[in-house]
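Here's the structure, in structure tokens; my notes come after.
Just so it is clear: chains get the letters A, B, ... in the order the sequence lines come, proteins before strands, and each one is counted from 1.
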There are 2 protein chains.
Amino acid sequence: MLFGTNLDRAQRFNRRVVLETIRVNGPLSRADVARLTGLSAQTVTNIIDQFKPAGLLIEKPRRTGGRGQPPIDLVINPSAAFSFGISFDDRRLVVVLLDLGGEIRGQAELPVAHPTPGVILPLVEAAVNQLVSKTKISPELIWGAGVVMPVLVSQGHPTALGPSSVPDWQDFPVAEKLRERLNMPVFLDNDATAAAIGELLFGAGRQFSDFFYIYLGVGVGGGIIISSRPYRGAFGMSGEIGHMMSVPGGRPCPCGNKGCLERYVSLSAADAAFREQPETFAALDLDELYKGFETKNPRLMNWLDEAAEHLRNAIVSVENLFDPQAVILGGPVPDTVLDALIERIEPSLISVSHRQGNASSRLLKAETGLDSRVLGAASLAIFDSMTPDFSVLKKEAIEVE
Amino acid sequence: MLFGTNLDRAQRFNRRVVLETIRVNGPLSRADVARLTGLSAQTVTNIIDQFKPAGLLIEKPRRTGGRGQPPIDLVINPSAAFSFGISFDDRRLVVVLLDLGGEIRGQAELPVAHPTPGVILPLVEAAVNQLVSKTKISPELIWGAGVVMPVLVSQGHPTALGPSSVPDWQDFPVAEKLRERLNMPVFLDNDATAAAIGELLFGAGRQFSDFFYIYLGVGVGGGIIISSRPYRGAFGMSGEIGHMMSVPGGRPCPCGNKGCLERYVSLSAADAAFREQPETFAALDLDELYKGFETKNPRLMNWLDEAAEHLRNAIVSVENLFDPQAVILGGPVPDTVLDALIERIEPSLISVSHRQGNASSRLLKAETGLDSRVLGAASLAIFDSMTPDFSVLKKEAIEVE
DNA sequence: CTGATTAAATCCACTTATTGGATTAAAAGC
DNA sequence: GCTTTTAATCCAATAAGTGGATTTAATCAG
């Protein structure tokens with residue numbers, strides 16, 4: 001439904017525009033911000049004055065060199081706000097504390113045997129409280145927490161298409177329950193979307209406004225960034241690249257179709273190739289698998305070749321459908337595996353992105369590394385508070401501060 | 001780049017919100033609009049007063065029945081604005097005059113042998129002038145013209161990946177040249193995107209904010225509507241569903257890959273099946289082909305079965321990637337062909353859109369029919385002037401009225 | 001038939017963010 | 001030491017949305 005806006009909302013929007021412009025474009029003077037945003041210098045001054053009490057911006061000493069009065073450079077104060085990232089599956093729970101600059105300030109990791117809500121929620125609460133007291137950050141600087149778990153998320157709630165490794169969470173109101181316990185805004189998202197947002201804020205996506213993030217994990221998912229915002233689809237389930245048809249009539253998939261990409265390109269598929277057995281859809285021994293990659297196990301090297309073929313076709317489709325600035329490959333796999341895949345895929349990609357004069361590499365490796373998942377989770381709250389989204393103009397939108 | 005907004009832009013945005021809300025939601029009182037948009041009743045009154053001089057809105061007699069003072073219903077005046085649609089290929093040129101209600105007020109159709117700019121531009125100018133004088137509409141009510149031709153459009157200019165049926169237009173500044181001749185805003189777009197916008201404004205897409213339009217023509221293209229706006233990709237070439245890989249290692253495609261969907265699902269592919277010959281990539285005899293469909297030619301019926309298979313896989317991928325509210329199938333093909341395809345595809349579609357409780361049909365037939373292309377072209381200017389887009393808030397945005 | 005009730009539309013004074021022009025400040029150039 | 005240039009700020013003006021009060025016009029209850 002459409003909505004109108006007003007003076008209030010417009011300023012809230014402008015505040016975010018100013019903040020995000022400074023965050024992305026490095027040290028910037030008030031005059032620079034005015035030029036970049038189209039706002040008047042006076043307006044920029046006013047808005048920046050509003051940020052001062054919260055300490056969100058740091059003024060650097062006047063920079064000399066050119067003519068005229070030297071500008072005062074502004075940068076984001078990384079210690080002005082914090083966010084928690086929470087990630088778990090059927091093996092472990094990870095909680096990280098991220099600052100506004102994208103640095104990890106604290107981390108807790110716990111083994112988990114039975115990831116039921118009754119077990120996980122208290123553990124999360126304890127870990128968060130412990131991190132707060134250990135790092136001595138003041139609670140009002142915490143903008144929120146993001147949660148990622150191995151489920152699909154539709155309209156804020158966990159859902160699943162096939163069997164799940166965390167079945168107890170189906171339709172459980174995670175965000176609400178955690179909000180009550182932690183007393184801060186809580187966001188739940190798909191792993192791929194969260195990782196894409198993490199990459200957008202702090203990683204390889206920083207330079208792009210439109211990219212497709214491929215999250216290679218136990219399955220394979222996609223996070224879509226359009227106009228510097230996540231696109232979650234009409235029902236929150238977009239980006240399911242793993243269930244694109246890769247081999248007509250191929251391997252059966254729990255989703256009900258045959259030949260889905262995920263059955264060929266995923267850690268689960270790699271594991272099957274490694275063990276020379278069909279996929280079991282049970283918990284994987286990831287350490288074993290990582291070791292196999294490290295020792296260049298021939299079955300895994302073989303799998304890499306095959307996986308690259310399948311993935312290339314999927315990327316061609318993605319490029320042809322989205323025409324993004326880049327496709328970014330990441331997820332909880334060793335860097336060497338990502339490199340190996342990219343090396344095999346890139347040279348022979350033909351799509352609309354193959355345009356003349358486009359010499360730049362279109363398939364990039366994610367920068368957030370093995371922790372992309374939990375870093376993505378942590379970036380959800382920061383993203384929500386900082387982005388000059390359309391919805392900021394809406395009445396229901398949430399206050400930046 | 002980010003941009004700020006101001007009071008001025010905010011009102012421009014609100015004006016469009018009010019107008020579009022009334023256009024879509026039928027007769028609405030000022031109070032209704034206030035409730036739907038979140039604007040105050042006073043603001044709605046003010047904005048509607050601004051539209052009165054231009055005659056954009058019509059007040060219907062007070063509606064009685066309920067308690068309280070009866071509301072005054074408002075509807076869009078279809079005769080308050082007009083737009084031209086211009087479409088040509090290597091066979092014919094079509095120019096239509098559309099009103100704000102989506103009705104065709106006038107139409108001109110001319111055969112074309114050599115569609116060079118030198119031939120087409122004067123013909124268009126003459127046709128437009130003739131339609132203006134014949135329908136006696138006043139020139140200041142014309143919001144603009146949209147152009148569609150068989151090329152890909154990237155950043156406002158014609159480009160091509162493979163061979164083109166209108167090679168003389170490569171990188172030709174169509175919009176600029178026509179703007180000079182017609183003295184009105186001119187928009188150039190891909191056929192699929194234009195048809196999708198037409199469907200969004202006046203067709204099956206009216207009820208949706210997120211859908212994928214499949215344009216089945218000589219080739220097959222896709223128009224993406226996200227949040228009620230077209231998504232053209234980072235470089236304007238999104239939606240190229242025709243070059244998704246359908247058969248690994250399959251029929252060679254001029255794009256450089258093998259097994260592209262378009263080599264199996266398109267009028268060109270149908271024609272090849274009809275003639276039992278490989279594709280020639282020369283001009284098709286469409287009338288012959290249409291006749292073949294009408295007489296239920298067995299080779300074409302066979303092609304329908306095969307095409308449906310390929311198209312189904314592509315739609316599964318599209319649904320899994322975009323999670324749209326619907327996929328709409330249209331283009332310059334007989335209704336019976338669209339029906340036949342949908343009938344074969346729909347029942348066995350499995351994707352994330354296959355969610356529980358989603359009984360609604362996900363694959364729909366376009367409503368704009370055979371003329372989807374030129375109607376889409378005509379809707380470009382109307383869309384540009386009416387939609388409460390993000391960009392309206394920008395300094396550079398164009399005035400509504 | 002009359003007064004109470006309900007809802008729409010408008011009137012009016014007020015608030016507030018942005019703006020544009022003027023002013024001040026601080027450097028470099030000549 | 002004066003001029004030029006640029007940044008940042010001061011100040012009065014502008015204009016759109018808001019909230020409360022008022023007017024208008026219908027239905028409902030007695």
Approximate separation, where rounding is to 0.5 Å, of A:Glu103 CD and A:Leu97 CG = 11.5 Å

Atom-to-atom span, CG of A:Leu39 to C1' of D:dA7 - whole angstrom = 17 Å

ask   = Does the side chain of B:Thr43 get closer than 4.0 angstrom to OP1 or OP2 of D:dT18 through an N or O atom?
value = yes

inquiry  = A cation-pi test, strictly: NZ or CZ of B:Arg23 under 6.0 Å from the centre of the six-membered ring of B:Phe202 and no more than 45 degrees from its axis. Yes or no?
reply    = yes

Protein-nucleotide distance (B:Ile48, atom CD1; C:dA9, atom P), rounded to Å = 8 Å

inquiry  = Side-chain N or O of B:Arg12 versus OP1/OP2 of D:dA16: is the shortest distance under 4.0 Å?
reply    = no

inquiry  = If you only use heavy atoms from C-beta on, which nucleotide in C:dT16, C:dT18, C:dT10 is closest to the side chain of A:Leu7?
reply    = C:dT16

message = In this structure, how many angstroms lie between the C1' atom of D:dA16 and the CZ atom of B:Phe13, rounded?
response = 15 Å

CG on A:Leu188 to CD on A:Glu176, rounded to 0.5 Å = 9.0 Å

message = Taking the basic N atoms (NZ, or NE/NH1/NH2) and the acidic carboxylate oxygens, is any pair closer than 4.0 Å for A:Glu59 and A:Lys52?
response = yes

key: Under 4.0 Å protein heavy-atom contact, by nucleotide of nucleotides 20-30 of chain C - B base, S sugar-phosphate only   = B----BBBSS-

Integer-rounded Å distance: D:dT18 P and A:Asp8 CG = 9 Å

task = Could you check how far CG of B:Asn6 sits from C1' of D:dA16, rounded to whole Å?
result = 11 Å

ask   = When rounded to the nearest 0.5 angstrom, what is the spacing between OG1 in A:Thr43 and CG in B:Asn6?
value = 8.5 Å

task = Mind calculating the distance between CG (B:Asp49) and C1' (C:dT10) to the nearest angstrom?
result = 9 Å

A:Gln42 CD to A:Ile47 CD1 distance, which is reported to the nearest 0.5 Å = 10.5 Å

Aromatic plane relationship, A:Phe322 with B:Phe322 - under 30° parallel, 30 to 60° tilted, over 60° perpendicular = parallel

task = Compare side-chain N and O positions of A:Thr45 against OP1 and OP2 of D:dT9 and report whether any pair is under 4.0 Å apart.
result = yes

inquiry  = Please compare A:Ile72 and B:Asn14 by the position of their nearest nucleotide in DNA chain D and report the one closer to 5'.
reply    = A:Ile72

query = Is B:Ser29 touching bases, backbone alone, or none of the nucleic acid, heavy atoms closer than 4.0 Å?
reply = sugar-phosphate

ask   = Once you round it to whole Å, what is the distance between P of C:dA9 and NZ of B:Lys60?
value = 14 Å

request  = Rounded off to whole Å, could you give me the CZ-to-C1' distance for the B:Arg9 and D:dA15 pair?
outcome  = 14 Å

Closest nucleotide among D:dA7, C:dA8, C:dT18 to the A:Arg35 side chain = D:dA7

